[in-house]
Amino acid sequence: MVRDPIAAESVPPAEEVCAALDDPDCREIIRELEEPMTAAELHDRCEIPQSTLYRKLEALTEATLLEESTEIRRDGHHASKYSVAFTEIRLSLEDDRTLGVEVERPARTADERLAELWSEVRKET
């Protein structure tokens with residue numbers, strides 16, 4: 001299941017965030033994502049085997065640290081693009097002695113919010 005990192009209720013478990021950030025390949029992917037990129041573009045930049053790259057992208061997306069969007073192409077071969085979906089991460093020790101996590105998200109443009117809304121409407125129809 002791919003989580004929507006922008007959804008208000010989308011607070012990832014601290015364990016997922018920590019596991020993703022503890023992985024050197026995941027950190028390399030985050031470093032390379034100065035702008036949205038496809039898996040193929042990331043594969044060219046990172047020296048990570050392709051099958052491993054897809055697993056790392058999934059782990060980062062599940063932890064809501066990356067956002068996956070679809071690049072529409074005229075030839076019909078659409079591609080997923082990945083972008084960093086956080087600006088800051090804060091870990092805290094909760095009252096019950098478990099780890100809590102807060103993820104600060106980048107500001108969304110009006111166009112991005114409209115595209116997300118339209119995407120949700122299309123899912124419902």
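Hydrogens, waters and symmetry mates are skipped; everything else that's a heavy atom, side chains included, is used. The chain is numbered in sequence order, starting from 1.
Under a 3.5 Å cut-off, the side chain of His43 and the backbone N or O of Pro49 do not form any donor-acceptor pair. For Thr61 (side chain) and Leu57 (main-chain N/O), a donor-acceptor pair under 3.5 Å exists by modelled atom type. Side chain of Glu41 to backbone of Thr38: a donor-acceptor contact under 3.5 angstrom is found.
When the shell of 6.0 Å around NE2 of His77 is examined, it contains 12 or fewer heavy atoms from other residues, nucleotides or ligands. Counting heavy atoms of neighbouring residues, nucleotides and ligands inside a 6.0 Å radius, atom CD of Glu47 does not exceed 12 of them. For CG of Asp95, the number of neighbouring non-hydrogen atoms (other residues, nucleotides, ligands) closer than 6.0 Å is 12 at most. Heavy-atom neighbours of Glu34 CD from other residues, nucleotides or ligands within 6.0 Å: at or below the threshold of 12.
Closest approach of Cys26 to Ala20, counting heavy atoms only: CB-O, 3.1 Å. Closest approach of Arg105 to Thr64, counting heavy atoms only: NH1-O, 2.6 Å. When all heavy atoms of Pro12 and Val101 are compared, the pair lying nearest together is O-CG1, 2.9 Å. Considering every non-hydrogen atom in both Ala14 and Leu91, the closest pair reads CB-CD2, 4.3 Å.
Across Leu33, Ile29, Val17, Val84, a single residue satisfies side chain to side chain contact (heavy atoms under 4.5 Å, CB included) together with Leu60, and that is Ile29. With Tyr82 as reference, Glu68 is the one residue of Glu67, Glu68, Met37 to meet the side chain to side chain contact (heavy atoms under 4.5 Å, CB included) rule.
With contacts defined as side-chain heavy-atom distances shorter than 4.5 Å, the pair Arg55/Ser51 qualifies. When side chains are defined from C-beta on, Ile48 does not count as touching Leu42, because their heavy atoms never get closer than 4.5 Å.
Interatomic distance, Asp23 CG to Lys56 NZ, rounded to the nearest 0.5 Å: 3.5 Å. Rounding to the nearest 0.5 angstrom, the gap separating the CD atom in Glu15 from the CG atom in Asp22 is 13.0 Å.
Between Glu104 and Arg90, at least one side-chain nitrogen of the basic residue sits less than 4.0 Å from a carboxylate oxygen of the acidic one, meeting the salt-bridge criterion.
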